[in-house]
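Beneath this line is the structure, given in structure tokens, with notes to follow.
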Amino acid sequence: MNSTPVPSDSSAPSSAATTPAEYLAQAVALATDNVRNAGGPFGALIVSADGRVFEGVNRVTANLDPSAHAEVTAIRNACQQLGTFDLAGCTLYTSCEPCPMCLATSLWARIDRVYFAANRDDAADAGFDDAVFYRYFEGGPEDRAIMPVADIALPAEERVAPFTEWSLTTTRIEY
């Protein structure tokens, strides 16, 4: 198993896994191996419609990167190797229920489906409690006190200048 977030050979599947349970078991094995290599206890696979497999492991503390979650790393690897930011037709298999960031990244990547092994309660029991983040998005203003987010009134023309420029750019790539 890879101990760093490097994609598998993009020309062939990285294992003989063929069922969701087998891919999920492979993601769990990646996570377990990653712990042995100074990483977090999370592993993920992106499986393309044609069976190519791309791996990702959690390297948050190893890389000092709070976005280096296994799912995000697997998505980055798949996108780079497939040459696209659109992973429609792909499936994400992950050792644990995706946190809000990983779920949002999966949505932006247009992944078709997500399968996970451990759930958020299992993660919390191991010290990875992201309940405050779920509450931030699902709750009321009192749940957002951990990080207030507010707009600052700028003149309309200034506030939308990047979008105006985007609209006028004929070479833009829509997403």
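H69 and N58 make their closest contact through CA-ND2, 3.9 Å (heavy atoms, listed as atom of the first residue, atom of the second, distance). The minimum heavy-atom distance between V35 and P41, with the atom names listed, is CG2-CA, 3.4 Å. The heavy-atom pair separating A31 from F42 by the smallest distance is CB-C, 3.4 Å. Closest non-hydrogen pair, A38 versus A62, comes out as O-CB, 3.6 Å. Scanning all heavy atoms of the two residues, the minimum distance from L45 to A27 falls at CD1-N, 4.2 Å. For the residue pair S95 and A117, the shortest heavy atom distance occurs at O-CB, 3.3 Å.
Atom OG1 of residue T164 and atom CZ of residue R159 lie 10.5 Å apart, to the nearest 0.5 angstrom. With values rounded to the nearest 0.5 angstrom, I46 atom CD1 is found 8.0 Å from C79 atom SG. A distance of 9.5 Å separates CD1 in I173 from OG1 in T84, rounded to the nearest 0.5 Å. Taken to the nearest 0.5 Å, the CG atom of D112 stands 11.5 Å off from the OG atom of S106. Taking CG from L30 and CD from E55, the interatomic distance works out to 4.5 Å, rounded to the nearest 0.5 Å. Considering CD1 of I111 and SG of C102, their distance stands at 10.0 Å, rounded to 0.5 Å.
Other residues, nucleotides and ligands contribute at most 12 non-hydrogen atoms within 6.0 Å of the CD atom of E165. For W108, the CH2 atom counts as loosely surrounded, since its 6.0 Å shell holds 12 or fewer non-hydrogen atoms of other residues, nucleotides or ligands.
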Stepwise, does the side-chain contact (heavy atoms from CB on, under 4.5 Å) test hold for E71 with M101?
CA-CA 9 Å; E71 298 90 339; M101 176 184 70; over 6 Å; no
Using side chain to side chain donor-acceptor pair (under 3.5 Å), reason through S48 and D50 one step at a time and then give a plain yes or no.
CA-CA 5 Å; S48 66; D50 63 1; 2.4 Å; yes
Run the side-chain contact (heavy atoms from CB on, under 4.5 Å) test on T73 and R59 for me, step by step, so that the C-alpha distance in whole Å, both residues' side-chain angles and the decisive distance to 0.1 Å come before the verdict.
CA-CA 9 Å; T73 304; R59 303 303 289 173; 5.6 Å; no
Verdict with reasoning, L87 to I75, per side-chain contact (heavy atoms from CB on, under 4.5 Å)
CA-CA 8 Å; L87 297 180; I75 289 167; 4.0 Å; yes
Full working for side-chain contact (heavy atoms from CB on, under 4.5 Å) between Y115 and T91:
CA-CA 8 Å; Y115 295 107; T91 301; 3.7 Å; yes
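Panel note: side chain Q80, backbone N77; no donor-acceptor pair is recorded below 3.5 Å. A donor-acceptor contact shorter than 3.5 Å is absent between the side chain of R52 and the backbone of A78. No side-chain donor-acceptor contact under 3.5 Å links R36 to the backbone of N34. With hydrogens and angles disregarded, no donor-acceptor distance shorter than 3.5 Å links the side chain of N119 to the backbone of E97. A donor-acceptor distance shorter than 3.5 angstrom exists from the side chain of D143 to the backbone of G140, with no hydrogens or angles considered. D65 places no side-chain N or O within donor-acceptor distance of the main-chain N or O of T61, the cut-off being under 3.5 Å. Put simply, the side chain of D86 gets close to the backbone of A88: a donor and an acceptor are under 3.5 Å apart. For the pair T169 (side chain) and T171 (backbone), a donor-acceptor distance under 3.5 Å is absent.
A donor and an acceptor atom, one from each side chain of R76 and S67, are located under 3.5 Å apart.
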Would you give me the side-chain donor-acceptor pairs under 3.5 Å for residues 126-138, sequence neighbours excluded?
{"residue": "D129", "atom": "OD1", "partner": "A131", "partner atom": "N", "Å": "3.0"}
{"residue": "Y134", "atom": "OH", "partner": "P98", "partner atom": "O", "Å": "2.7"}
{"residue": "Y136", "atom": "OH", "partner": "M147", "partner atom": "O", "Å": "3.0"}

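For R172, the salt bridge (charged side-chain N to carboxylate O under 4.0 Å, His left out) partners are E174, not counting sequence neighbours.
Between Y175 and F85, the two ring planes are perpendicular [angle over 60°; tilted spans 30° to 60°].
In the hydrophobic clustering of this structure, V53 groups with Y93; members are Ile, Leu, Val, Met, Phe, Trp, Tyr whose side-chain heavy atoms approach within less than 4.5 Å, directly or through other members.
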